[in-house]
Asks: 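Please find one structure pasted underneath; my questions will follow.
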Amino acid sequence: MKIISIGDLHGKDVWKQIDPANYDKIIFVGDYTDDFPPTTDEQIFTNLINIINFKKSNFDKVILLFGNHDCSYIYGWRCSGYRPSMQDKLFNLFKDNRALFKFAYQIDNYIWTHAGITKFWYEDYLSPITLTYGLENLTIAEQINHLAFTGKGFSDETEQILIP
């Protein structure tokens, strides 16, 4: 299987240089948003729309993961390069296309996330929560996505701002 991983675009459209026919999977690992000038709000927004449309046109081949900069507009966390002017537009774009995004993706023993998973984090945090909620038969990526999108394992404050 031939896979390409693309991360930290921050509004850049360099991903358009790849030929999708050359890959079995195209995995975007997040950070579609935020950058410092000269990248404009419109470039960032248009590029993200193009990526979403690319996913829709290649549904099984393209995987979209969230990055920390994208979460700035979803959960209210702030990263460098955050653009208050884009808050409402990006929140709504992510919300309207929520079903197209994940936090983790897995093929066999290979896991993609934006920032990785440490053994310590898995053993001390994820594993006990998945046991509590009976998710131990899911893959690690499925566990992460389930917990992230249901709010289980998060504080009450975080649960209130999850994307519906």
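Starting from 1, each residue takes its place in the sequence as its number. Quick caveat: nothing in here was measured; it's all calculated off a predicted structure.
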Asks: Taking atom types as modelled and ignoring hydrogens, do the side chains of Tyr73 and Asp34 form a donor-acceptor contact shorter than 3.5 angstrom?
Replies: yes
Asks: Test: salt bridge (Lys or Arg N to Asp or Glu O under 4.0 Å). Region: residues 107-135. Which pairs qualify, not counting sequence neighbours?
Replies: Lys119-Glu123
Asks: I want to check something: taking the side chain as every heavy atom from C-beta on, are Leu126 and Gln143 in contact at a cut-off of under 4.5 Å?
Replies: yes
Asks: Not counting sequence neighbours, which residues clear side-chain contact (heavy atoms from CB on, under 4.5 Å) with Phe59? List them please.
Replies: Lys55, Leu100
Asks: Excluding sequence neighbours, so at least two apart, what forms salt bridge (Lys or Arg N to Asp or Glu O under 4.0 Å) with Glu136?
Replies: none
Asks: Scan residues 39-48 for pairs that pass side chain to side chain donor-acceptor pair (under 3.5 Å), counting only residues two or more places apart or in two chains.
Replies: Lys12-Thr39, Trp15-Asn47, Asp35-Thr39, Thr40-Gln43, Asp41-Arg83, Asp41-Ser85, Glu42-Thr46
Asks: Check for me whether Lys89 meets the cation-pi criterion with Phe45, that is, NZ or CZ under 6.0 Å from the six-membered ring centre and within 45 degrees of the ring axis.
Replies: yes
Asks: Can you list the other members of the hydrophobic cluster that holds Tyr110, where links are side-chain heavy atoms under 4.5 angstrom apart?
Replies: Met1, Ile3, Ile27, Val29, Ile63, Leu65, Tyr105, Ile107, Trp112
Asks: Below 30° counts as parallel, above 60° as perpendicular, anything between as tilted: where do the rings of Tyr75 and Phe103 land?
Replies: tilted
Asks: With a 4.5 Å heavy-atom cut-off, do Asp19 and Asn22 have their side chains touching?
Replies: yes
Asks: Parallel, tilted or perpendicular: which describes the rings of Tyr32 and Phe94, with under 30° parallel and over 60° perpendicular?
Replies: tilted
Asks: Taking side-chain contact (heavy atoms from CB on, under 4.5 Å) as the test, write out the residues that go with Ile117, two or more places apart.
Replies: Ile111, Thr113, Trp121, Tyr122, Ile140, Ile144
